[in-house]
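Down below is the structure, laid out as structure tokens.
Hydrogens, waters and symmetry mates play no part in the numbers below; they use all other heavy atoms, side chains included. This structure is a prediction, so every number in the text was calculated from the model and none was measured.
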Amino acid sequence: MKTFSNLCALLLSLLLTQTAMAQQRYTLRGYVKDKQNGESLIGISIGVPGTGLGTVTNEYGFYSLTLPAGTHDIQFTYVGYTTFKTTIALKSNQSMDVKLEQSSSQLNEVTITGKQNDKAVNNMSTGLQKLSMAQMKKMPTFMGEVDVLRAIQTLPGVTTVGEGSSGFNVRGGATDENLILLDEAPVYNSSHMLGFFSVFNPDAVKSLNLMKGGFPAEYGGRTSSVLDIRMKDGNNQKMQVNGGIGDIFSRISVEGPIKKDESSFIIAARRSYVDILMKPFLKGDMKDTKLNFYDITGKLNFKLNKNNTLFVSGYIGRDVFGFQKQADLNWGNSTVSIRWNHVFNDRLFLNATTYYSNYDYNISFNNSTSKDANEQSEGYSWKSNIKNYGIKPAFTYYLNTNNTIHFGVNAIYYTFQPGTGIGSSGGTQLATILPDKHAVEAALYVDHEYKIGKKFGLQYGLRLSDFTYLGSGTAYYFRDTTPGIRKPFDHSKDFGKNEKIVTYKYLEPRINVRYNLTDDQALKASYTRTSQFMHQISNTASPTPVDIWTPSSNNIKPQLADQISLGYFYNARNDAFEASAEVFYKKIENQIDYIDNSNLYLNALVEGDLLPSHSRAYGLELYVKKDIGNNTGWISYTLSRSERQTNGISGGDWILNRYDRTHNLSFVGTHEFDKRHSLSVNFTYASGTPATYADARLEYQQWDIPYNTTDQRSNYRLPAYHRLDLSYTLKRPKHRRWEGEWVFSLYNVYARRNTYSIYFQQDPDNAAHREAVRLSIIGSIIPGITYNFKF
């Protein structure tokens with residue numbers, strides 16, 4: 001705490017010193033929006049050409065630019081928009097809102113002059129990847145549908161264990177180490193249909209930032225990445241409808257002004273209909289099969305006055321699977337976030353967010369198939385959830401063009417329902433109810449961006465994280481024994497409501513350094529320490545929707561990660577393309593591992609089956625991207641290694657993580673023949689993931705029973721994964737206000753049967769032998785067609 005206080009005092013001293021030196025400087029501030037629909041524009045470059053003085057708009061389109069008194073030519077630039085130029089006579093602080101007009105010409109004809117501060121060369125962060133919806137919509141699609149998660153899996157450092165897997169892995173980290181934010185509310189399950197589609201409706205998404213390293217101090221609670229997704233505000237100029245009709249699901253969004261220029265709304269909905277299409281072909285017990293997902297996304301925003309804006313966002317989505325009354329599985333997220341933007345003065349900006357997030361699942365089975373209502377059924381039901389309540393006031397102080405200070409507070413209250421299982425048999429019910437768990441996570445942070453001349457840039461900060469595991473509840477204590485085996489239960493202790501069970505505090509320093517070799521080239525380095533207090537308990541290769549989230553406790557210590565990154569970044573002078581090369585090294589303490597044959601579900605003593613492990617990941621990431629012209633796209637390649645070491649497992653040796661992929665290559669390309677026709681291609685290659693198989697055979701002669709075993713995990717690697725996708729888009733001529741396009745896609749063009757897993761079974765022709773069986777989720781070409789419309 002003393003270190004944190006000293007840093008705050010130092011920054012305050014710098015602030016006062018700089019203010020005293022700036023008596024003849026004034027500030028121009030305001031919002032930048034799209035002239036056509038009123039959407040706030042993120043990352044717009046505002047500056048004085050030829051001086052190096054400039055800034056960019058924040059996540060809400062707000063900017064603050066402090067300049068010497070006098071007359072200045074100000075320029076607002078962004079790819080895809082017509083450059084706006086104006087002359088300002090600064091004799092006092094001024095407010096100026098700007099509306100940029102979308103360029104009617106093709107991107108290759110857009111000329112951007114002046115320096116763009118949001119280039120990879122000019123921003124401070126390492127490991128930062130940005131994708132716009134325009135870029136994602138050009139990618140080949142699965143079943144003709146644009147998908148956010150599939151798009152980020154083509155970026156360097158991002159992998160997945162294969163089709164049908166939920167979540168994604170970043171720089172050798174587990175899926176639960178990714179903080180996924182939808183308008184600043186955390187989302188715990190990011191996939192529909194077991195990973196084939198994301199929960200984010202593309203018609204409602206405005207921007208996407210993926211941070212893999214060099215996190216600003218504002219972000220915490222996860223050790224691998226932050227995926228920050230921002231929703232559209234809604235068109236505040238006119239009513240607009242977007243939608244699409246596809247093979248798997250249809251979607252529609254409606255947006256428009258509540259009061260023109262001042263308030264607007266957007267609501268977007270999707271629903272799959274696989275079960276409806278299958279219904280005529282299903283007979284007997286399968287006739288009432290349910291297989292669908294749906295989601296609804298909405299947002300309201302109100303400009304209360306020139307200094308205050310209010311946003312209200314919400315999401316609800318669910319996956320449903322079942323048949324008759326014999327089985328029913330459903331799971332989903334719901335979030336609500338309320339954000340207040342307040343401009344105190346020309347330099348101080350506040351965004352205060354409060355949110356609610358819930359993820360839950362329900363499973364039920366009924367073995368009775370009799371139509372006799374009086375017959376006693378046999379069945380089982382199980383439910384679990386995690387709820388968050390959070391508040392995040394975040395301040396930005398624009399001291400001058402070279403100094404920006406971010407500071408704020410984060411606070412989250414967690415409620416976990418680990419599981420409630422109820423079984424019934426012969427009219428008797430047997431319940432297993434694990435008590436709820438509660439926790440509070442809080443953080444203070446301060447972050448300073450400092451430009452030192454035209455060459456150097458520095459962003460450094462400190463985050464103080466505090467986590468308390470609370471009652472009411474029971475804490476279990478175990479005796480230490482030989483590593484790798486189940487810890488024997490020793491005793492338990494009951495705690496009252498809000499009584500502290502255990503508290504953890506960590507200081508998390510962050511620093512990013514940038515040196516511009518030229519206007520187009522830069523070197524960057526970063527060091528980041530992060531802590532994570534949430535853990536997903538899963539011993540499968542890919543997490544499932546029914547895995548359990550649990551907090552750090554007296555037995556489960558928080559994860560601590562230290563990451564170092566070094567990179568070279570290049571932007572072409574005409575913005576035609578950009579390139580980067582980054583190396584990283586990351587080590588994580590207290591990752592969760594499991595004893596052999598661990599019992600993870602509805603087990604009150606599950607913490608006795610968990611083991612702390614050490615993890616490390618390191619690698620090289622290469623990236624080339626072209627945004628302008630008839631041929632656009634990107635190539636990414638990652639060479640990396642992800643390993644862990646657990647006492648009592650595999651002799652305490654370092655072994656491969658189950659999501660390790662040595663090589664990962666992606667190519668995404670789009671060729672626009674003209675304004676109406678385009679062809680896109682996506683090729684992916686990745687090394688197979690590690691797997692554990694028996695490498696020894698024991699035979700008990702007394703019973704004549706062979707037993708296959710191994711003492712080494714991750715001792716084999718599955719075959720390499722590769723796939724080619726194609727997509728063709730045909731835009732129909734615009735008819736009055738109606739715009740339409742057909743998207744034809746081919747997924748897995750050469751019908752590659754990629755291996756998801758290999759399992760062993762008894763050879764049906766020879767009972768004394770076992771045979772290996774390859775499981776492939778997709779093994780054929782999957783065509784898709786979607787009609788998108790807008791009016």
Side-chain angles (χ1 to χ4, degrees), residues 29-44 46 56-63 76 78 80-81 97-102 118 130-134 136-137 146 148 181-185 187 200-209 228-243 251-270 295-316 335-343 349-355 392 394 396 790-791:
R29 56 97 166 176
Y31 288 89
V32 182
K33 297 188 176 183
D34 186 304
K35 184 176 181 180
Q36 183 178 359
N37 55 36
E39 286 282 344
S40 58
L41 296 177
I42 302 171
I44 296 293
I46 305 106
V56 295
T57 55
N58 67 8
E59 294 84 354
Y60 302 93
F62 178 81
Y63 73 94
F76 295 75
Y78 196 65
Y81 287 82
D97 293 340
V98 173
K99 292 183 178 181
L100 294 187
E101 190 168 0
Q102 295 182 17
D118 66 328
K130 297 182 179 182
L131 283 179
S132 67
M133 282 310 304
M136 286 186 275
K137 286 179 178 179
V146 177
V148 170
L181 300 174
L182 179 62
D183 269 5
E184 301 190 56
V187 175
F200 309 108
N201 190 328
D203 291 333
V205 173
K206 175 165 63 176
S207 68
L208 177 156
N209 283 349
D228 189 359
I229 296 174
R230 302 281 171 158
M231 291 170 52
K232 290 181 179 178
D233 298 330
N235 194 321
N236 67 10
Q237 300 298 304
K238 61 181 181 181
M239 291 292 296
Q240 181 175 307
V241 178
N242 293 275
R251 64 185 197 280
I252 190 168
S253 68
V254 181
E255 56 184 302
I258 299 173
K259 185 177 182 181
K260 191 174 181 178
D261 289 324
E262 295 186 9
S263 58
S264 61
F265 75 94
I266 181 172
I267 184 167
R270 298 187 296 178
D295 54 48
I296 302 173
T297 308
K299 186 173 183 179
L300 302 169
N301 76 89
F302 305 90
K303 183 179 180 181
L304 305 178
N305 53 49
K306 68 177 183 178
N307 291 328
N308 294 279
T309 307
L310 185 68
F311 303 87
V312 181
S313 308
Y315 169 87
I316 183 170
T335 69
V336 176
S337 58
I338 302 173
R339 291 172 295 159
W340 170 45
N341 287 180
H342 177 65
V343 180
F349 179 88
L350 164 69
N351 172 61
T353 301
T354 181
Y355 64 80
K392 300 191 296 184
T396 303
K790 176 181 177 181
F791 62 89

Legend entry - Under 3.5 Å donor-acceptor, Glu255 side chain and Asn235 backbone: yes
Inset, instruction - Quick one: closest heavy-atom pair of Asp97 and Gly30, and the distance? - result: OD1-CA, 3.4 Å
Inset, instruction - Answer yes or no: is there a donor N or O on one side and an acceptor on the other, between the side chain of Ser337 and the main chain of Ala185, under 3.5 Å? - result: no
Legend entry - Euclidean distance, Tyr63 OH relative to Phe76 CZ, rounded to 0.5 Å: 4.0 Å
Legend entry - Side chains of Thr353 and Asn351, donor plus acceptor under 3.5 Å: yes
Legend entry - For Ser207 against Ile42, the heavy-atom pair lying closest together: OG-CD1, 3.4 Å
Inset, instruction - Give the C-alpha distance, both sets of side-chain angles, the deciding distance and a yes or no for side-chain contact (heavy atoms from CB on, under 4.5 Å) between Lys392 and Tyr355. - result: CA-CA 9 Å; Lys392 300 191 296 184; Tyr355 64 80; 4.2 Å; yes
Legend entry - Closest non-hydrogen atom pair between Lys206 and Met133, with its separation: O-CG, 4.3 Å
Legend entry - Separation between OH of Tyr31 and OG1 of Thr309, rounded to the nearest 0.5 Å: 4.5 Å
Inset, instruction - Test Asp203 against every option in Lys790, Arg251, Arg270 by the side chain to side chain donor-acceptor pair (under 3.5 Å) rule and name the one that passes. - result: Arg251
Legend entry - Check: Asp233 main-chain N/O paired with Ser264 side-chain donor or acceptor under 3.5 Å: yes
Inset, instruction - Look at the side chain of Glu39 and the backbone N and O of Gly234, then say whether any donor-acceptor pair between them is shorter than 3.5 Å. - result: yes
Legend entry - Over all atoms of both residues, closest heavy-atom pair of Phe200 and Leu182: CD2-CD1, 4.1 Å
Legend entry - Spacing of Phe302 atom CZ and Ser263 atom OG [to the nearest 0.5 Å]: 6.0 Å
Inset, instruction - Hey, could you give me the NZ/CG distance between Lys303 and Asn341, rounded to the nearest 0.5 Å? - result: 12.0 Å
Inset, instruction - Could you check Thr297, Val205, Ile266, Asn301 and say which one makes a side-chain contact (heavy atoms from CB on, under 4.5 Å) with Lys232? - result: Ile266
Inset, instruction - Can you see which heavy atom on Lys33 is nearest to which on Ser40, and at what distance? - result: CG-CA, 4.0 Å
Inset, instruction - Give the intermediate values and the outcome of side-chain contact (heavy atoms from CB on, under 4.5 Å) for residues Leu300 and Ile258. - result: CA-CA 9 Å; Leu300 302 169; Ile258 299 173; 4.1 Å; yes
Inset, instruction - Please report the C-alpha distance between Val343 and Phe62 in whole Å, then the side-chain angles of each, then the deciding distance to 0.1 Å, and finally whether the side-chain contact (heavy atoms from CB on, under 4.5 Å) criterion is met. - result: CA-CA 9 Å; Val343 180; Phe62 178 81; 3.8 Å; yes
Inset, instruction - Determine, stepwise, if the pair Thr354 / Trp340 fulfils side-chain contact (heavy atoms from CB on, under 4.5 Å). - result: CA-CA 9 Å; Thr354 181; Trp340 170 45; over 6 Å; no
Inset, instruction - Would you name the heavy atoms of Ser313 and Met231 that are closest together and state the gap between them? - result: CB-SD, 4.3 Å
Inset, instruction - Could you tell me whether the side chain of Val187 reaches within less than 4.5 Å of the side chain of Tyr315, counting heavy atoms only? - result: no
Inset, instruction - Not counting sequence neighbours, which residues clear side-chain contact (heavy atoms from CB on, under 4.5 Å) with Asp261? List them please. - result: Lys99, Asn236, Gln237
Inset, instruction - Kindly compute the distance separating CD (Glu59) from CZ (Arg230), expressed to the nearest 0.5 Å. - result: 4.5 Å
Inset, instruction - Can you measure from CG (Asp183) to CD1 (Ile338) and round to the nearest 0.5 angstrom? - result: 12.0 Å
